[in-house]
Protein chains: 6
Amino acid sequence: MVDVCYLVPGVGLPNDEQARRERVANELTPDHVDVTVVEADGPGPTSIESAVEEYWCVVGSMKTAHRIQSEFDALVIGCFGDPGIRALRELLSIPVVGPAEATIHTAAMIADRFTWLTILEATAPMSYEQAHEHHLSDRCVSVRSVDAPVESIDHGDDDLVERMVREGKAAVEEDGAEALFPGCMSLSFAQRHDEIEERVGVPFLDPASIALEQAAAWARHGVAQSSKTYPEPKFEKLGDLLGGSAAAADD
Amino acid sequence: MVDVCYLVPGVGLPNDEQARRERVANELTPDHVDVTVVEADGPGPTSIESAVEEYWCVVGSMKTAHRIQSEFDALVIGCFGDPGIRALRELLSIPVVGPAEATIHTAAMIADRFTWLTILEATAPMSYEQAHEHHLSDRCVSVRSVDAPVESIDHGDDDLVERMVREGKAAVEEDGAEALFPGCMSLSFAQRHDEIEERVGVPFLDPASIALEQAAAWARHGVAQSSKTYPEPKFEKLGDLLGGSAAAADD
Amino acid sequence: MVDVCYLVPGVGLPNDEQARRERVANELTPDHVDVTVVEADGPGPTSIESAVEEYWCVVGSMKTAHRIQSEFDALVIGCFGDPGIRALRELLSIPVVGPAEATIHTAAMIADRFTWLTILEATAPMSYEQAHEHHLSDRCVSVRSVDAPVESIDHGDDDLVERMVREGKAAVEEDGAEALFPGCMSLSFAQRHDEIEERVGVPFLDPASIALEQAAAWARHGVAQSSKTYPEPKFEKLGDLLGGSAAAADD
Amino acid sequence: MVDVCYLVPGVGLPNDEQARRERVANELTPDHVDVTVVEADGPGPTSIESAVEEYWCVVGSMKTAHRIQSEFDALVIGCFGDPGIRALRELLSIPVVGPAEATIHTAAMIADRFTWLTILEATAPMSYEQAHEHHLSDRCVSVRSVDAPVESIDHGDDDLVERMVREGKAAVEEDGAEALFPGCMSLSFAQRHDEIEERVGVPFLDPASIALEQAAAWARHGVAQSSKTYPEPKFEKLGDLLGGSAAAADD
Amino acid sequence: MVDVCYLVPGVGLPNDEQARRERVANELTPDHVDVTVVEADGPGPTSIESAVEEYWCVVGSMKTAHRIQSEFDALVIGCFGDPGIRALRELLSIPVVGPAEATIHTAAMIADRFTWLTILEATAPMSYEQAHEHHLSDRCVSVRSVDAPVESIDHGDDDLVERMVREGKAAVEEDGAEALFPGCMSLSFAQRHDEIEERVGVPFLDPASIALEQAAAWARHGVAQSSKTYPEPKFEKLGDLLGGSAAAADD
Amino acid sequence: MVDVCYLVPGVGLPNDEQARRERVANELTPDHVDVTVVEADGPGPTSIESAVEEYWCVVGSMKTAHRIQSEFDALVIGCFGDPGIRALRELLSIPVVGPAEATIHTAAMIADRFTWLTILEATAPMSYEQAHEHHLSDRCVSVRSVDAPVESIDHGDDDLVERMVREGKAAVEEDGAEALFPGCMSLSFAQRHDEIEERVGVPFLDPASIALEQAAAWARHGVAQSSKTYPEPKFEKLGDLLGGSAAAADD
């Protein structure tokens, strides 16, 4: 059995939605994988749509991830901004998977050029920078907004699907996109990718399944972040962050 | 069940080694995955260590892959040069996975900078170009030869392991490598990565497990090459290549 | 006298068209250059419009080129995809010239930014990748299709010229192109470049004359592919490809 | 008068050192500039030498910066990691200056190729990524460690100066560096750059003076981060972060 | 006091306009900075709108700059083409500032992506190349012409302001620009940036104030071009260029 | 007949050396090509080893080239710095060839990675920037100095050949170079490339023959710089540069 933690970095996800996502996550993964959705300790934002909110959520993510890591074989960051990925990789010894990182690399494998559908005009610049961070920005022909504030996203929202289809088609026709993905885990967990893919005519990737499968595969094979790239921090300095006993345990 | 074809593009792999690889491949993958090692129709080279041999092997790969694709859910090219990957992706409707592509992208996720251990001085330029092809050459700090002609590689060869450890350590110390991988499936199937990783102190990726897991995951989730990037060829022109009936079946 | 082989990698070019191309090629080159158009041994495609067809044609190209190389001072690959250029450069000791490589570099010298007119929507992704392969993709502002399946191309086709003019003008006005070239040797041998250049108002390069002149100049001055980049293959492994006697001659 | 806030993101800087830095900062800037050194609200790390510590400190930086911004014309982040620069630029309407950003760009103006002297082997990967973040990594020929944990740095430490001179000379001779800078504000505030520059023979930049002068100039001329790149967050969601009254004031 | 020379490389700037620019320059800079506008010795062009004119003006710039450098602490090249910047940096020991270099780097700090408003369609290719020269071309989303031959530019020309607003808005909406700047010092000295910025809604940088402030800051802190990047020429060879006495003084 | 002007931009080349170069140039080119070596009108430097000297020489080059262009079909700039290439391309209607541009692109075609042998440590930074200017800097693995001030270069200097062999071998072994070229036309006209190539074992290009052959081929086929990239200057402004009658002739 491979135990994967899907860590939601924000706070306030309704219990039923959290349960739905855990159910979906376990349906997406093979039988030998067990996914647990964990919400980070607060305080933090109710949704993550800015760099401010990304930074705000990471302290809680670090605390929670560090506390629970011994229960899991791998951790997936539950937000497409991959908030705090470098920090979490330093902090944890289990593999840390970012859905954006995993999805961008997958898009670059199945297509030469892709478009990123982001939630808001305001998040487009961050999306371009994320593609650059992964050294794959010249494969990202465009970032397009589907005008979907995170808290408005509902998996039953057909109008949102229409906007994704419309922007997806425009990406293919005007920007030369050969593959698409949504830049938000709420869009991913809406699980409407099959119909969008069929209507647009190019692959429409699902970040949730990609990230979870990668986490399970990495855990099974002992693949994890390099400690040269992500050196272990000096735990004796982190007592106030992690709590004395937890930090002590790392020494 | 997910059926994965691991297609060996060269000819003349001894039966027992082919059987050993199939056994290893099935041990590397989860229970729900069934890997079959298939050798391409000849003619072709006995090992692939040059562009000449890469091109030579692809015609057979295309014929074989096209003939058997209906039996499989995904295909892994059994050579780290990913020979003919663009052609196979055009030709097949099942997902086609290249071990080099999958491994390079994985290395770029677990580390900022990696070194590629290639078999020969003569294959180093091709390795640099492969990294460039994937737009990740600025993450590849060096390609180093372990001086191992393919047909000489034996999984019990401790001297070869020594050379890999020595070049791996040099890569870390002199070139700043933070992760490593072997650029040859025979090196991968030697399955000595754990001890090398332990001795060098940075992740040493195993292309076989990475490629097979990716193939299984892609097949499970309907992820495949974009038909915009890899358009279906005009099958009516390919009769002499594929045989009349096979081509007809695609029409 | 400099003897240049123009090797047509596909099969089935009508004799009169082959003769016309040989005549054009000799008119394009100075008196001291003698160009022979040679068709590759089959089997192979009748035209090359996909990666499948590129790979299919290369085995024949390698056989033919190897067999006849002693009669020539340089070889030009007779297809704008430069199919098998790395393999041919390894295999041959005479200089091997790719029309795409030569034309892309020339375009990058006479202009900062250029557009590539490709035959089909389906070949556009390969064209972008070819520009990338030569590390000059940031000079290629667009690839545009002129909708001309190779076998339909006729040098007397005024409608095709109109399409090239129309796409060329659009490239200049919408994409900022400062030079153009056709991505197909049949388009090149149509020899309509002067009128297109005049009507569009920016240089419209002719790949045939560029490649042939480069081959002649390289041959005259002993310029050829580096054996470090393109190491000689192990000929003893290539007997089945090249035929016993040919391979023996290389030993 | 231009009022510049130099915001120390960590906690626990001794009062006398804080006073010394404020005095140095005011000596470095022209008479019409008044620099105030402000320590961020905790909790946070005592020094910032990892991504974990960068993320840990930003929540306090955001709170403090937001609370006091009305008293200042510009803000300089008091750490060479520029921790939280995207978040602070979204959050504040006054210009936010990062010492690393300002110094990297200055180095790229006075030299074609530079070396970054970082504090520890462990911070080198982050330094390379910061150079990449600013799209100037191909100007950074090397990152070299001077082996100086932040809390050990003392402006009277001649041995540290020797290490900086030694690594600086090696950078020039072995890596081709044409300019240098220290990747740490404690190294900068040691104010030993003149003697190092003289002994190494290439410019050795002082991040403190560069960042402070830039902040003053930007404030004087109304230059600030673009609100398209750094859109204002939805303040109504940030009550728990900023405190009710502060957030209300932004509405 | 910091004495800055603003060197106009062309000839024939009317005396009153030269006086106006000197007055503006001194208003833009702090009290401790004294800017003198100096016109280069001729012969040279009356305005600089081509590479021909750039090269033509540099001989005079070198002569004048070398002759007067002892009177100044820093030199700003008074043309956005930064004509002769590498030569002037070799020749002078005081810091040499190029307005384009300073502005492009500033734009890259305040925004991820910017647009350059150039004077003419004909100067657009040079502008793209200048961005590339500074390794920041992937941050320059477009160069747009405002159709303003230098000698026609008048700071009271409202129609020109309209064209800058119109192109600026188009850059934001169509090209994704997040900041703008004018690629001409006459446009800069028109000093209409505030109203353009307000109407377009993104930062509109003023090259004059950026370059002058940078020159003053560099002079104050001893920051200057690296002599490794810009090695001192052999002055004994430059007698005919600089005049015997001036060259002798450098020996 | 194709008439090619080889324009020496500096002054004072001894008559016998000028005659020798003209003889060599004509031996290098086919019979239908006639090369004339022309020395630019002064004033100018006696050799070009700095940006100062590059700029100094261009005014004379422009005057001379413009005056004599009607006598020639193409012009080669007789200095590896390609001084004033953008200006000359704007000014002339005949094709302008830069030896560095032509050689760098040729090196990138025959090898993946090359080393540039420059005359002096002091010219290395300019060489790196030239490679960058042509967007091929990632193919230039190193620039190495052979310590040869231009005026000291003699084609009979065996010691210089030794230094070129020594640096060439080091480039291959330490830097991974697969091809080499000398960054100076005096080194090229020494015509010692064959023995150096034989001793080092990788191609050692001859810029003179490459540039002259390219000029002849371009002239024969009507290939020339794009007037979009290099727009014709306003000749009415250039009277003082070109002389009244010459400028008038362009109107």
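Computation of the quantities below employed the complete heavy-atom set of this structure, encompassing side-chain atoms and omitting hydrogens, waters and symmetry-equivalent molecules. In the text below, chain A, chain B and the rest are named by the order of the sequence lines, each starting its count at 1.
- Asp206(F) is not listed as a side-chain neighbour of His221(C), based on a closest heavy-atom distance of 4.5 Å or more.
- Looking at every heavy atom in both residues, Asp112(F) comes nearest to Arg86(C) through OD2-NH2, 3.0 Å.
- Interface remark: of the candidates Gln214(F), Glu178(F), Gln225(F), Glu178(F) forms the most heavy-atom pairs closer than 4.5 Å to chain C.
- Interface remark: of the candidates Val97(F), Asp31(F), Thr29(F), Thr29(F) forms the most heavy-atom pairs closer than 4.5 Å to chain C.
- Looking at heavy atoms from C-beta onward, Trp218(C) lies out of side-chain contact with Ile210(F) at the 4.5 angstrom threshold.
- Options Ile110(C), Asp194(C), Leu136(C), Val172(C) differ in how many heavy-atom pairs under 4.5 Å they form with chain F, and the most are formed by Ile110(C).
- In this structure, the portion of Glu213(F) lying under 4.5 Å from any heavy atom of chain C is its side chain and not its backbone.
- The choice from Ala224(C), Ala179(C), Ala108(C) that makes the most heavy-atom pairs within less than 4.5 Å of chain F is Ala224(C).
- Neither the backbone nor the side chain of Phe204(F) comes within contact range of chain C; no heavy atom of the residue lies under 4.5 Å from a heavy atom of that chain.
- The residue among Arg89(C), Glu101(C), Met109(C) with the most heavy atom pairs within less than 4.5 Å of chain F is Met109(C).
- Checking side-chain atoms of Ser226(F) against main-chain N and O of Ala111(C) turns up no donor-acceptor pair under 3.5 Å.
- Heavy atoms closer than 4.5 Å to chain F are found nowhere in Ala107(C), neither backbone nor side chain.
- For His32(F), the part lying near chain C is the side chain, with the backbone staying farther off; criterion is any non-hydrogen pair under 4.5 Å.
- Val223(C) has its side chain within reach of Leu205(F): a pair of non-hydrogen atoms, C-beta onward, lies under 4.5 Å apart.
- Interface remark: His134(C) contributes backbone atoms only to the contact with chain F (heavy atom separation under 4.5 Å).
- Annotation: side chain of Lys228(C) is not in contact with side chain of Arg113(F) (no heavy-atom distance under 4.5 Å).
- Heavy-atom distances place no part of Val2(F) under 4.5 Å from chain C, backbone and side chain included.
- Neither the backbone nor the side chain of Val33(C) comes within less than 4.5 Å of any heavy atom of chain F.
- Closest approach of Glu27(C) and Arg220(F) over heavy atoms only: O-NH2, 4.3 Å.
- For a residue to count as touching a neighbouring chain, one of its non-hydrogen atoms must lie under 4.5 Å from one of that chain's; by this rule Leu28(F) touches chain C with backbone and side chain alike.
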